[in-house]
Each structure stands twice: as structure tokens, then as C-alpha cells.
There are 2 protein chains.
Amino acid sequence: MPEERIVRMPKAEFDTGAARCRSNFPIESEFKGIMSSDQSRHKTFPAHGVVFFEGDPANNIYEVADGSVMLYKLLPDGRRQVVEILGPGDLFGVPAGEVYDTSAETLTETLVHMISRKDAEGSDEIQQHMKKCLISQVQNLHDHAVLLGRKSAHERVASFLMRFVPNRGGFACSGPQSETEDESVVTLYMTRQEIADYLGLTIETVSRVLSDMKRRKVITMEKQDRIRVMNVCGLCHLTGKF
Amino acid sequence: MPEERIVRMPKAEFDTGAARCRSNFPIESEFKGIMSSDQSRHKTFPAHGVVFFEGDPANNIYEVADGSVMLYKLLPDGRRQVVEILGPGDLFGVPAGEVYDTSAETLTETLVHMISRKDAEGSDEIQQHMKKCLISQVQNLHDHAVLLGRKSAHERVASFLMRFVPNRGGFACSGPQSETEDESVVTLYMTRQEIADYLGLTIETVSRVLSDMKRRKVITMEKQDRIRVMNVCGLCHLTGKF
DNA sequence: CGAAGGGTTGAGGCGGTTCAAAGCCGGTGG
DNA sequence: CCACCGGCTTTGAACCGCCTCAACCCTTCG
């Protein structure tokens, strides 16, 4: 079945490699960051801790060492859009101007490496890594623009869940483990509000879509943020990407 | 009035400098590209010409020398999302994997510089420029995510139009030229379909919003793609950003 | 003049939001 | 151990903004 799907896929849907830099799993990884050098400092934030606010002077560049971070922007009336979700190995806080263009908050307890802008400029290794991360970041943002601009609520939630299923859904999709079973457990570490703000929806819509998927037996919920996908292939087809 | 608005602006709305790398004007600029070296080739595309398709092998990196280019992605059922609009000085076709993650089409007659990936790797100058462009690209994509995820149709169209008004709307907004008049003429060089696909709307909605703005005398239309903004400050307030 | 290809306008429907109420669950204190 | 509280989540009902579908208009070009 996955082979068949690959054959049918038009060029445009090939995996372009954007996922290779950043992990599928925001958590649980033991990433050995490129920034773990002398000149870098470390800092641990609790879950839902603020790393910096939009508009703060951009003095440091950060790398997620362990945990997960979201970047978001606010409109003056309080509307929020979460623009990126980052995991181990991802960089953030790389500024075009003098200040950060987004706020950064942790989702889970998170260890970050920090390095000053000046020191980052000086290191070729870091520059290289930065470029690589930026490129994959851009491609992820392209995907997210498609999601926000053109996908239905069901497709958005399905795409979101698929993000956290390892080795599935991309060009290199490994297909179901066995003939009879195609399950996977994903842990979100995000509140409904955070998910909604990432997907451009409301809390209620996210909740309704998840309930609907439960009703259709695509997923079951072990805890509120721990979801068992009963049929990965089925969920994948709900993303709109295939 | 503009000074007053700046004072009221919370930190979060400061211009973060994302616009500095790329021009406000996709057209009419005589940008002397960093790629205009020996090893680069040039190519001119007519308006609405295809530079490459999503999924094509990513052999070259491009720079817009003159004209404008849009990058878009398609879903298999034909839904399209334009993810970026580029002008002189902007780079595109920088791949994370082996293939392009978007398609690239010109909006107007466009001159591009091309350079092979290998040659790009070799030049520090190009690497530097590439990094700078990527960073501003990321910030523009952040803004666009907010637009797609959280803004109303009116706010989207207003934001879109403000993009093409020079020196207005950002942190460095110069304010109205005179006490009595606050006009500006923008030329879109895009069909309604392209605008709609960029803003995550339908043709009809774009058309209706523009008609509504005409009715409210915020804009007048000199030609279908040539719009006179009668009240820049007024339009700016419709963007939702202030 | 007629055809073709955008663009505009109108009517109706639907998906997602809004507002409101109830449910669930973990934590705290009696 | 259970009652209570607060925060998050779920569910329901009504509404509304944008989409869909269809007709019409305008401009361009043969």
C-alpha cells in the first residue's frame, strides 16, 4: 500500500529533505549540539518558560539541546500565531535586525545552548550549521503556509499528528510495521490552546476534530496529550498531502 | 500621527528588520546582485514563466536580478498556496534535499542569475549573502503565517497592499507626505488568482474586499492591477498589525 | 463582431467561530 | 478518604465570514 502510494505521487509531493535537520520528536532525543563548545552557555527552562519576547534585543542565538520550544507572534488584540515548533538541534533567535521577530517559549522542560551573536559570527562551523538549519526552517515554513492557507481543520489536525509519528508520511515512509496493525503513540506536550494557535484554529475546533477522529476510530486518547494513532496510513490520508 | 502611533506600539510590533534585505518593490529596481560574477549565468523569463517545478532536481540557486518571482506549492487536488513573493536581490531555489520544495514562476518579465550548487558552496561571499537572505526570508514567512493563520480577509488584503507602499507601515514608517494627502499608487503585477493563492482566499473574496475598499474610498482602481491607495494610514490600520 | 479570459457581483450553503454550559482531572485541604 | 476548587477540555447551539456556484461584465484580440 505505501509503495502503491509512492508510485502515484506526482513529483511535487516528493520529500524534499526538509525534515532531515530537525527531529520528528521534539522530546526524548539526546542531541549533541554543534554549540556545545567552550564559548556557549547553557540554560534550563521549565515547561512553558519564556526564553525571550518579540521585540527584545537579539543578543543571543539559541540551540535546543533537549526539549522543545515554540516561536509565536501576537497581534495587538491578542490573537496569537505559533509559527514554529522546534526540537533538539534546531536553532532559534537568529535575527535579521536588532530585535527578535517572535517570542520563544518552551513546551517542556528544555535545555538550550546560547551563544552571543559575535561569537556565532566568528565560527565557521556554527555558520554552516546555521545555514543548514535556516534552509530546513524555510521549507518547514513553506509546508506550514500550505497548511494555514489551504487545509481544512481535519487536514490540519491530521498533519499535526503525523508530524510526531516517526518515519511515516514522508517520501521515505516505511509503511506499516505489520499487515494487521498500524499503530503509533504520540505525545504532544502542548495544550489545546497551543495546538490551536499553531494550526490557525480555535481550541473548540481542535477538540471537536480530535473527538471526531476518536469516533471514527482513527485515534484513541490515553491521556489528554497522549494519543494513540490506531491507523497511521488512514491518518496520513487525512492530511490532504496524498 | 505616525509618531503618536509609534509611541503606542508595544515592543512586539517593532520592525525587526526583515524587510531590509528584500525590496518592497518587486519591480522597477536596478539591483546589482551579488551573483553577478563570472561563474554565474543569466536568464530572462517572460511574465508567468516557469523557472522550475517542485520536485525538480535542485541543480541551481537563483537570484532575482530584475523582476519578480513567486514560489508556490500544490496539493494533489489542485489547491495552491503561494508561499513567497520575491523581488530583486532575493534568492530562491536553495534546497535542503536533492529537489526543490516549491515551484517557481515569474510574475513579470524577470532576469535571474543562476549559479550551480557547487559554485555557491565555494564562495564565501555568496554564502554570507545566502545566510542573510534566508534569515529575512524566515521572518517574512513568520509574518505570512500570522496573516494566513489569524487575519480576516480584509486584514489580509490590506496587509498585501501595504507591502507595496514604500516606507510605510513598518517601524520606520515615514508618515504621510503632507497634512492633507496620504496617497500612493501600487502596481500588483498579479492576477486575482495569484493574489488569492498568496493570501489563502478565493478570487471572489479578494475581488469583493477590493470592491468594498473602493466603496469606502480607501482605494481607487486605475487599472485592474494598478491601485491608488487614497489613505495609506487608513489602509495600514486595516492590516490588524496596529 | 464574436470569442476568450480575466474580473465582478449575487444567492445560498457550509465550516469554523463564538458564546455558554457542563465535564474531567489533578491538587489541596478538611 | 472525600469534598472542593481551578484550569483545561469537551460539547452544544447559534451565528457569521468566507466559499461555492452561477451569471454577468469588461477588455483584449483575432
Side-chain angles (χ1 to χ4, degrees), chain A residues 46-48 75 77-82 105 107-108 147-161 187-216 218-227 238 240, chain B residues 46-48 70 75 77-82 105 107-108 147-161 187-216 219-227 238 240:
Chain A
H48 304 282
L75 292 174
D77 62 2
R79 283 175 287 179
R80 181 174 75 162
Q81 179 64 45
V82 174
E105 245 180 74
L107 296 175
T108 56
L147 181 145
L148 292 173
R150 289 301 179 210
K151 288 191 180 178
S152 71
H154 270 81
E155 290 170 336
R156 293 183 200 201
V157 174
S159 303
F160 176 70
L161 292 176
T187 309
L188 304 179
Y189 301 107
M190 290 172 80
T191 65
R192 294 284 181 273
Q193 186 65 66
E194 286 160 352
I195 297 171
D197 286 346
Y198 182 57
L199 299 181
L201 300 169
T202 57
I203 306 184
E204 293 95 327
T205 300
V206 172
S207 182
R208 272 185 253 273
V209 169
L210 287 174
S211 296
D212 190 62
M213 288 179 170
K214 254 189 301 190
R215 220 170 296 122
R216 294 162 190 266
V218 181
I219 61 172
T220 58
M221 284 178 49
E222 318 213 320
K223 271 185 56 201
Q224 278 185 338
D225 69 341
R226 200 173 164 76
I227 290 178
L238 295 178
Chain B
H48 305 283
M70 67 172 174
L75 291 175
D77 61 3
R79 283 174 288 180
R80 181 173 76 162
Q81 179 64 45
V82 174
E105 244 180 75
L107 295 175
T108 56
L147 180 146
L148 294 173
R150 289 300 179 209
K151 288 192 181 179
S152 70
H154 269 81
E155 289 169 336
R156 293 183 201 202
V157 174
S159 303
F160 176 71
L161 292 177
T187 309
L188 304 178
Y189 301 108
M190 291 172 79
T191 65
R192 295 284 181 272
Q193 186 64 67
E194 287 160 352
I195 298 171
D197 286 347
Y198 182 56
L199 299 180
L201 299 170
T202 58
I203 305 184
E204 294 95 326
T205 300
V206 172
S207 181
R208 270 185 255 274
V209 169
L210 287 174
S211 296
D212 190 61
M213 287 178 170
K214 253 188 303 190
R215 219 170 296 123
R216 293 162 190 267
I219 61 173
T220 59
M221 284 178 50
E222 318 213 320
K223 269 186 57 203
Q224 278 184 340
D225 69 342
R226 199 171 165 77
I227 291 178
L238 293 178

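To find a chain, count down the sequence lines: A is the first, B the second, and so on, and within it residues start at 1.
- Rounded to an integer number of Å, the gap from CZ of R79(A) to P of dG17(D) is 13 Å.
- No donor-acceptor pair under 3.5 Å is formed between the side chain of R192(A) and the backbone N or O of E204(A).
- L210(B) and V157(B) make their closest contact through CD2-CG1, 3.8 Å (heavy atoms, listed as atom of the first residue, atom of the second, distance).
- Panel note: side chain R226(A), backbone T187(A); no donor-acceptor pair is recorded below 3.5 Å.
- Between D212(B) and R216(B) there is a salt bridge, with a side-chain nitrogen of the basic residue lying less than 4.0 Å from a carboxylate oxygen of the acidic one.
- Side-chain contact check for R150(A) versus E155(A): every heavy-atom pair is 4.5 Å or farther apart.
- DNA chain D lies under 4.0 Å from at least one heavy atom of each of the following residues of residues 199-209 of chain B: G200(B), L201(B), T202(B), E204(B), T205(B), R208(B).
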Exercise. What string of B, S and - do you get for nucleotides 23-30 of chain D 5' to 3' if you count protein non-hydrogen atoms under 4.0 Å?
Worked result: --------
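- Counting to the nearest Å, the P atom of dG6(C) and the CD atom of Q193(B) are 10 Å from each other.
- One finds no side-chain N or O of S152(A) lying less than 4.0 angstrom from the OP1 or OP2 phosphate oxygen of dG15(C).
- No side-chain heavy atom of V209(B) sits under 4.5 Å from any side-chain heavy atom of R156(B).
- Across the protein-nucleic acid pair, M221(B) atom CE and dT9(C) atom P stand 9 Å apart, rounded to whole Å.
- Regarding D225(A), its CG atom lies at a distance of 13 Å from the P atom of dC25(C), rounded to whole Å.
- Rounded to an integer number of Å, the gap from CD1 of I219(B) to C1' of dT8(C) is 13 Å.
- If you measure from atom CZ of R192(A) to atom C1' of dC25(C), you get 13 Å, rounded to the nearest angstrom.
- Counting to the nearest Å, the C1' atom of dC18(D) and the CZ atom of R156(B) are 10 Å from each other.
- Looking at M190(B) and I195(B), their side chains come closer than 4.5 Å, going by heavy atoms from C-beta outward.
- DNA chain D is contacted by both R150(A) and T191(A); T191(A) maps to the nucleotide lying nearer its 5′ end (nearest heavy atom per residue).
- In this structure, E194(A) and R80(A) have side chains that are in contact, with non-hydrogen atoms separated by less than 4.5 Å.
- Counting only heavy atoms from C-beta outward, the side chains of L188(A) and L161(A) approach each other to under 4.5 Å.
- Straight-line distance from the CG atom of L148(B) to the C1' atom of dG17(D): 17 Å, rounded to whole Å.
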